[in-house]
J.: 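Pasting in a structure now, in structure tokens, and then I'll have a few things to ask.
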Amino acid sequence: MKKWTGKVMAGTVAAAVLFGGIGGLTTAPKAFADDDITYTVVPDVSVPLHKRVDLGLNAIVVQASGIINMSVDDFNAELKKGKSISELARTSGVERSELISRLVNPALERIDNAVSQNRITEEEATQLKSEVTEKFSAAVDKSGYQDKFSGKYSKKLKLKTQVDEESVAKVLGITEDELDAAFSSGKTIADIAKEKGLSEDKVVSGLKDELNASLKAFINKK
């Protein structure tokens with residue numbers, strides 16, 4: 001009997017609020033085959049490319065401050081004085097090349113994961129990889145650079161940071177020191193959970209009570 005191949009579109013996965021749109025925990029779709037039919041799962045290109053893979057470009061200050069072991073508030077205060085991220089890193093003993101490498105590598109890993117999970121194509125991955133170093137380099141050299149999470153996005157960021165590190169570490173099954181080290185290397189909670197074999201739903205469920213308390217406080221804040 002003749003075989004034929006049909007293609008079906010992979011559905012997008014809505015990320016939980018906790019992860020800020022990062023879909024690093026979805027299980028890679030697989031091709032299913034029987035004796036007569038083979039189905040190949042392909043990326044849903046109707047969804048904008050940069051929404052299918054988060055490169056971390058909206059949180060460069062947060063990532064960089066962790067790399068040089070400086071609080072985000074202090075880091076932003078120095079940037080507002082007109083300094084650049086690369087200047088602040090150099091003052092802290094981190095060379096520009098090392099800083100960019102530590103910012104870029106997690107983004108490249110996310111791109112490769114997105115390809116393996118059929119969220120983006122190989123061609124799209126090549127496009128994103130060509131953008132990554134350029135975008136991070138421009139950001140770290142810009143005087144007074146600010147993340148998109150600053151300003152009008154600050155309330156959203158404050159809402160997300162209401163979950164304390166102790167609770168997050170407990171749900172992930174690691175120590176607070178291990179959590180800090182992971183953040184300093186540019187990893188997200190989603191990245192750490194994936195390494196531990198935990199699903200996104202499992203982590204969200206573990207933090208649900210504390211998140212609910214934060215949300216109630218947030219919506220009642222004057």
Side-chain angles (χ1 to χ4, degrees), residues 12-28 47 50-76 85 99 101-117 119-120 128 132 136 139 147-150 153-218:
T12 57
V13 180
V17 171
L18 177 66
F19 299 97
I22 300 175
L25 297 178
T26 55
T27 303
V47 178
H50 288 85
K51 287 189 176 182
R52 281 180 278 141
V53 54
D54 183 356
L55 301 179
L57 294 170
N58 291 337
I60 293 175
V61 170
V62 175
Q63 296 176 64
S65 64
I67 291 172
I68 71 172
N69 196 27
M70 188 174 183
S71 75
V72 176
D73 288 341
D74 289 344
F75 201 73
N76 271 320
I85 294 175
L99 172 67
S101 176
R102 292 177 67 178
L103 288 170
V104 167
N105 287 341
L108 295 178
E109 184 177 343
R110 291 187 189 108
I111 294 171
D112 289 335
N113 287 340
V115 172
S116 67
Q117 294 165 7
R119 288 189 282 119
I120 63 174
L128 289 175
V132 167
F136 274 108
D147 277 339
K148 288 185 178 180
F149 281 155
S150 300
Y153 292 93
S154 59
K155 286 188 177 180
K156 292 183 180 179
L157 183 59
K158 288 178 182 177
L159 173 61
K160 292 176 186 177
T161 55
Q162 291 300 312
V163 180
D164 61 68
E165 287 192 5
E166 182 181 0
S167 298
V168 174
K170 183 177 180 180
V171 170
L172 293 173
I174 60 178
T175 66
E176 289 183 60
D177 287 340
E178 289 173 326
L179 182 62
D180 286 336
F183 284 155
S184 295
S185 68
K187 293 180 181 179
T188 65
I189 295 174
D191 295 329
I192 304 167
K194 181 181 178 182
E195 291 175 359
K196 295 294 181 180
L198 298 173
S199 70
E200 190 170 300
D201 287 342
K202 179 74 172 178
V203 177
V204 172
S205 176
L207 297 170
K208 182 176 63 175
D209 291 341
E210 196 153 348
L211 277 173
N212 283 342
S214 297
L215 284 169
K216 288 179 181 177
F218 183 76

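Every heavy atom of this structure was used, including side-chain atoms; hydrogens, water molecules and symmetry mates were not. Sequence positions, counted from 1, serve as the residue numbers for this chain.
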J.: Report the distance from atom CG of Asp112 to atom CD1 of Ile120, rounding to the nearest 0.5 Å.
T.: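 Going from the CG atom of Asp112 to the CD1 atom of Ile120 covers 8.0 Å.
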J.: Counting only heavy atoms from other residues, nucleotides and ligands, does the tally under 6.0 Å from CG of Asp180 exceed 12?
T.: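 Enclosed: over 12 neighbouring heavy atoms sit under 6.0 Å from CG of Asp180.
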J.: For Val171 versus Leu198, what's the shortest heavy-atom pair and its separation?
T.: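 Of all heavy-atom pairs spanning Val171 and Leu198, the closest is O-CD1, 3.6 Å.
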J.: Output the distance between atom CD (Gln63) and atom CG (Leu57), rounded to the nearest 0.5 Å.
T.: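 The distance works out to 8.0 Å.
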J.: Atom CZ in Arg110, atom NZ in Lys187: separation rounded to 0.5 Å?
T.: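 Between Arg110 CZ and Lys187 NZ, I get 10.5 Å after rounding to 0.5 Å.
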J.: Testing the basics here: between Leu172 and Lys196, what is the closest heavy-atom pair and its distance to 0.1 Å?
T.: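 Heavy atoms only, the tightest pair is O-CG, 3.7 Å.
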J.: Taking the side chain as every heavy atom from C-beta outward, state whether Val62 and Phe75 have any atom pair closer than 4.5 Å.
T.: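 Of all side-chain heavy-atom pairs linking Phe75 with Val62, none is under 4.5 Å.
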J.: OG of Ser205 to CD of Glu200: how many Å apart, nearest 0.5 Å?
T.: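 Result: 12.5 Å between the selected atoms.
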J.: State, without any angle test, whether Ser116 and Asn113 hold a side-chain donor-acceptor pair at a distance under 3.5 Å.
T.: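 No, because no side-chain N or O of Ser116 sits under 3.5 Å from a partner of the opposite role on Asn113.
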J.: Which atom pair, heavy atoms only, marks the closest approach of Val203 to Ala193?
T.: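 That would be CG2-CB, 3.8 Å.
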J.: If you take all heavy atoms of Gly186 and Pro106, which pair is closest and at what distance?
T.: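 The pair with the smallest heavy-atom distance is O-CB, 4.1 Å.
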J.: Quick check: are there more than 12 heavy atoms from other residues, nucleotides or ligands sitting under 6.0 Å from CD of Glu166?
T.: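 No, not enclosed.
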J.: Side chains of Ile111 and Val132: closer than 4.5 Å at any heavy-atom pair?
T.: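 Result yes, sub-4.5 Å side-chain heavy-atom pair found.
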J.: How about Thr188 and Asp191: do any of their side-chain heavy atoms sit closer than 4.5 Å?
T.: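 A side-chain contact under 4.5 Å exists here.
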J.: How long is the gap from OG on Ser65 to CD1 on Ile60, to the nearest 0.5 Å?
T.: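 Reported value, rounded in 0.5 Å steps: 12.0 Å.
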J.: If I take atom CZ from residue Phe183 and atom CD1 from residue Ile192, how far apart are they, to the nearest 0.5 angstrom?
T.: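 Separation between the atoms: 5.0 Å.
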